[in-house]
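Source: prediction; values computed, not measured. Side-chain atoms are counted along with the backbone in the values below, which use heavy atoms only and exclude waters and symmetry mates. We count residues from 1, following the sequence as given.
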Amino acid sequence: LWTWILALLLKLYKAKKIAQPGGIPWWQYVEAWQGGRGGTSLISQQMGTQLPFQYVHFISLIAKLSNLLMVVTMGIMLGFAVQQHEYDNVFIASATIVLVPTINNAVLSVNSGLSNPFGTHMTNFPEAKYVLGIASSCEAYTAASRHLPTWIREDWGDL
């Protein structure tokens with residue numbers, strides 16, 4: 001599509017439909033076209049891009065600090081509960097110390113496995129397939145420029 005738009009711009013420019021004496025030079029039309037193509041590409045990339053690695057590390061740090069703070073707090077509560085012979089609070093504090101960090105670390109472990117979705121494991125995205133898809137898109141752009149619609153191609157011959 002973008003190849004056809006550029007070809008149409010070239011046709012209109014050569015036919016002086018958009019070119020005026022002292023008007024916008026051709027390169028500015030090409031820059032505008034590149035901006036449109038780049039913008040749609042950027043939007044497409046952003047829709048499918050994973051979180052930045054620094055953000056993932058920050059979330060992991062917050063989770064680890066939360067675990068540490070929770071274990072220290074529960075340890076203090078456990079100490080007081082043992083001194084006062086409140087065995088129900090001893091059980092609750094002990095279970096909290098074991099379960100909450102374990103669950104948090106399990107979630108972080110799963111997220112770590114998902115942080116790089118490309119690889120050879122059967123649950124990963126096939127990286128080679130994506131590379132071939134990009135190559136195929138490049139070939140399609142080239143082919144599209146060779147097979148322009150008749151209404152764009154008239155009186156041009158080959159570009």
Side-chain angles (χ1 to χ4, degrees), residues 1-10 12 18 24-149 152 159:
L1 177 66
W2 286 103
T3 307
W4 292 2
I5 291 171
L6 182 63
L8 181 60
L9 277 174
L10 180 61
L12 293 171
I18 57 174
I24 300 172
W26 170 247
W27 63 268
Q28 286 182 334
Y29 287 107
V30 173
E31 277 188 352
W33 172 82
Q34 287 175 332
R37 185 179 57 89
T40 55
S41 177
L42 178 65
I43 290 169
S44 176
Q45 289 171 359
Q46 292 297 322
M47 296 298 288
T49 300
Q50 64 187 16
L51 293 173
F53 206 53
Q54 295 86 354
Y55 181 75
V56 173
H57 279 182
F58 181 70
I59 295 297
S60 296
L61 175 68
I62 295 296
K64 295 295 184 179
L65 289 176
S66 171
N67 284 345
L68 179 64
L69 181 64
M70 193 272 314
V71 167
V72 169
T73 304
M74 286 295 124
I76 292 170
M77 289 177 62
L78 181 64
F80 285 127
V82 168
Q83 282 181 347
Q84 296 182 6
H85 304 288
E86 296 175 354
Y87 297 109
D88 55 340
N89 287 340
V90 169
F91 175 75
I92 291 171
S94 298
T96 303
I97 288 172
V98 172
L99 292 177
V100 172
T102 302
I103 291 169
N104 282 346
N105 287 330
V107 169
L108 288 176
S109 178
V110 168
N111 287 336
S112 173
L114 297 176
S115 67
N116 182 8
F118 297 106
T120 57
H121 190 266
M122 64 181 276
T123 60
N124 291 347
F125 293 120
E127 184 176 9
K129 186 174 182 179
Y130 284 101
V131 170
L132 290 174
I134 292 170
S136 174
S137 294
C138 292
E139 290 170 6
Y141 279 131
T142 304
S145 68
R146 285 191 222 115
H147 304 299
L148 295 171
I152 295 177
L159 286 177

Would you mind writing out the side-chain donor-acceptor pairs for residues 90-101 within the sub-3.5 Å range, not counting sequence neighbours?
{"from": "S94", "atom 1": "OG", "to": "V90", "atom 2": "O", "distance (Å)": "2.8"}
{"from": "T96", "atom 1": "OG1", "to": "I92", "atom 2": "O", "distance (Å)": "2.7"}

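- A donor-acceptor pair shorter than 3.5 Å cannot be found between the side chains of N104 and K64.
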Which atom pairs, one a donor and one an acceptor, fall under 3.5 Å between side chains of residues 68-79 and the rest of the protein, sequence neighbours left out?
{"from": "T73", "atom 1": "OG1", "to": "L69", "atom 2": "O", "distance (Å)": "2.8"}

Counting only pairs under 3.5 Å, give me each side-chain donor-acceptor contact of residues 80-88, with atom names and distances, residues two or more places apart or in other chains.
{"from": "H85", "atom 1": "ND1", "to": "Y87", "atom 2": "OH", "distance (Å)": "3.0"}
{"from": "E86", "atom 1": "OE1", "to": "N89", "atom 2": "ND2", "distance (Å)": "2.8"}

